[in-house]
Protein chains: 2
Amino acid sequence: MNDTSEKEAPDVNRQLAQRLRDARSERGWSLDRTAQETGVSKAMLGQIERGKSSPTVATLWKIATGFRCSLSSFLAPPPASGPAIFRNADAVRARPASDPMLVAPLFPFEPRVGFEWLELTLAPGYTRESEPHAPGVVEHIVVIENSMEVLIEGEWHRLQAGDAVRFAADRPHGYRNSSDEPALCHNLIHYPAMHGQDISPAGA
Amino acid sequence: MNDTSEKEAPDVNRQLAQRLRDARSERGWSLDRTAQETGVSKAMLGQIERGKSSPTVATLWKIATGFRCSLSSFLAPPPASGPAIFRNADAVRARPASDPMLVAPLFPFEPRVGFEWLELTLAPGYTRESEPHAPGVVEHIVVIENSMEVLIEGEWHRLQAGDAVRFAADRPHGYRNSSDEPALCHNLIHYPAMHGQDISPAGA
DNA sequence: TAATTTTGTACGTTATAGCGCACAAACCAA
DNA sequence: TTGGTTTGTGCGCTATAACGTACAAAATTA
């Protein structure tokens with residue numbers, strides 16, 4: 001079926017193995033010491049380093065916590081800039097079971113930029129009032145084709161093609177298309193940076 | 001010893017479960033469909049969504065690949081709040097003195113979100129090669145009307161309406177419109193915040 | 001050199017991730 | 001209603017993650 005599954009699957013393990021090795025040698029920790037700090041057996045740590053084992057996210061969390069760095073730092077190839085990512089709205093457009101609306105995740109959520117970028121197609125007559133998101137979430141609506149209405153702070157605002165609005169999405173809001181043409185818009189949802197935690201000098 | 005291992009271990013699984021649920025419902029995919037796209041059995045997908053199972057990084061990689069998004073997007077917390085701002089592209093559209101191109105700053109740079117969002121109108125025959133931006137700057141181009149070409153890593157890529165691309169803008173890049181119709185696109189420029197990414201191997 | 005300590009790896013067992021299949025509830029057509 | 005399809009979940013089995021222990025090689029002593 002999906003030939004992409006096997007292509008780089010080992011690669012992610014090798015990546016992880018390398019990063020674990022680096023993190024450990026950077027601190028001069030032995031496997032024993034690392035086992036104590038992370039709560040993961042040294043046998044398993046050794047296997048992961050050799051690429052012989054693919055840890056679960058639970059144990060990876062233990063490892064990251066033991067090293068006092070973020071989970072993704074073990075997975076994401078941090079070297080500055082990644083390759084270009086091409087997307088096509090037609091290819092990723094799909095209809096959620098719950099809604100008579102087409103959603104195309106142009107750019108799924110990515111921690112580095114902190115937002116996800118969706119293309120929405122609202123059928124004529126479509127209406128949807130959305131629950132508040134988490135605190136700090138900001139939405140941006142830009143109308144591409146035809147017109148639609150956005151519910152903000154209890155009021156409906158009509159937007160035409162070329163109109164845009166930024167609003168706090170941590171309170172009730174909604175969208176509707178009261179025209180007889182399908183409305184096309186972009187919806188960029190920005191989540192506030194979270195990283196508040198970890199990172200402390202190992203002085204304990 | 002280290003009792004921190006158990007405190008939030010389940011939490012990372014719940015986080016992951018939620019994001020998987022969201023990603024799936026966002027696309028309107030059933031468990032079956034998701035199993036086909038990712039190459040992971042639907043039984044396992046169901047268990048992960050219910051927090052009953054902590055996948056290995058290998059299977060998490062399969063899932064992320066199936067959803068065409070990054071590994072860390074499933075681990076990095078779906079994070080943790082101004083009046084609404086209405087904008088209209090026609091009203092803010094202007095021609096820079098330097099370029100035969102129309103620029104409409106839909107949303108000027110705002111530290112809170114870390115990006116600026118421009119609407120560009122490229123006249124037929126327009127071409128422009130841009131100097132690299134600061135390190136870590138990421139650009140997003142989404143074509144709204146007609147077609148254009150983007151220069152990335154020394155190669156020109158043709159984009160049609162509905163196509164999108166994300167690329168590192170800290171190296172030479174450019175845009176051109178070799179058609180005979182004006183091309184309309186959005187350009188979102190994201191500037192890295194201080195937070196960057198952590199991982200502090202202070203021991204070096 | 002022979003002892004001791006410390007390193008990483010190999011072995012055997014248990015826990016569980018992951019699979020295929022089958023089932024029950026919900027949905028749709030007739 | 002009936003029958004067919006699609007949804008998600010439960011069950012048994014296999015593969016393997018994860019553990020504790022034991023072992024061999026290198027490092028540090030005397």
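For the numbers below, each heavy atom of this structure counts, side chains included, while hydrogens, waters and symmetry mates do not. First the proteins, then the strands, lettered A, B, ... as listed; each starts at 1.
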(message) From CD of B:E49 over to P of D:dT7, roughly how many Å is that when rounded to an integer?
(response) 13 Å
(message) Whether B:R166 and B:E139 form a salt bridge (side-chain N of Lys/Arg under 4.0 Å from carboxylate O of Asp/Glu) is what I want to check.
(response) no
(request) Nearest-nucleotide wise, let me know which of A:R21 and B:V57 is further upstream toward the 5' end of DNA chain C. (result) A:R21
(request) Provide, to the nearest angstrom, the distance between the CG atom belonging to A:L20 and the P atom belonging to C:dG8. (result) 11 Å
(request) Among C:dG20, D:dC19, C:dG8, find the nucleotide with the atom closest to the side chain of B:S41. (result) C:dG20
(message) Measuring to OP1 and OP2 of C:dG8, would you say a side-chain N or O of A:R24 lies under 4.0 angstrom away?
(response) yes
(request) Mind calculating the distance between CG (A:L45) and P (D:dA17) to the nearest angstrom? (result) 14 Å
(message) Whole angstroms only, please: what is the NZ-P distance between B:K52 and C:dC19?
(response) 19 Å
(message) Can you tell me if A:T56 touches the phosphate of C:dT16, counting only side-chain N or O atoms and a distance under 4.0 Å to OP1 or OP2?
(response) no
(message) Salt bridge or not between A:E49 and A:R24? Use side-chain N to carboxylate O under 4.0 Å.
(response) yes
(message) Is the phosphate of D:dA17 approached by A:S54 (side-chain N or O, under 4.0 Å from OP1 or OP2)?
(response) no
(message) I need the CG-P distance between A:D32 and D:dG20, as an integer number of Å.
(response) 12 Å
(message) In whole Å, I'd like the distance from the CD1 atom of B:I48 to the C1' atom of C:dT16.
(response) 13 Å
(request) For the residue pair B:F115 and A:F115, categorise the inter-ring angle as parallel (less than 30°), tilted (30 to 60°) or perpendicular (more than 60°). (result) perpendicular
(request) Please determine if a side-chain N or O atom of B:S30 lies less than 4.0 Å away from the OP1 or OP2 oxygen of D:dT7. (result) yes
(request) Send over the distance from B:Q47 CD to D:dC11 P, rounded to a whole Å. (result) 11 Å
(message) By nearest atom, which of the nucleotides C:dC19, C:dA22, D:dC19 is closest to the B:A43 side chain?
(response) C:dC19
(request) Select base, sugar-phosphate, or nothing to describe what A:S53 touches, counting heavy atoms under 4.0 Å on all strands. (result) sugar-phosphate
(message) Closest approach to the side chain of A:R50, judged atom by atom: which nucleotide of C:dC19, D:dA18, C:dT9 is it?
(response) C:dT9
(request) Under the side chain to side chain contact (heavy atoms under 4.5 Å, CB included) rule, collect the residues that match up with A:P182, sequence neighbours excluded. (result) A:T121, A:P124
(request) Check for a donor-acceptor pair, side chain of A:T65 on one end and backbone N or O of A:W61 on the other, with a separation under 3.5 Å. (result) yes
(message) What is the distance, to the nearest angstrom, from the CG atom on A:L31 to the C1' atom on D:dG20?
(response) 15 Å
(message) Please determine whether a side-chain nitrogen or oxygen atom of A:T59 lies at a distance below 4.0 Å from atom OP1 or OP2 of D:dA18.
(response) yes
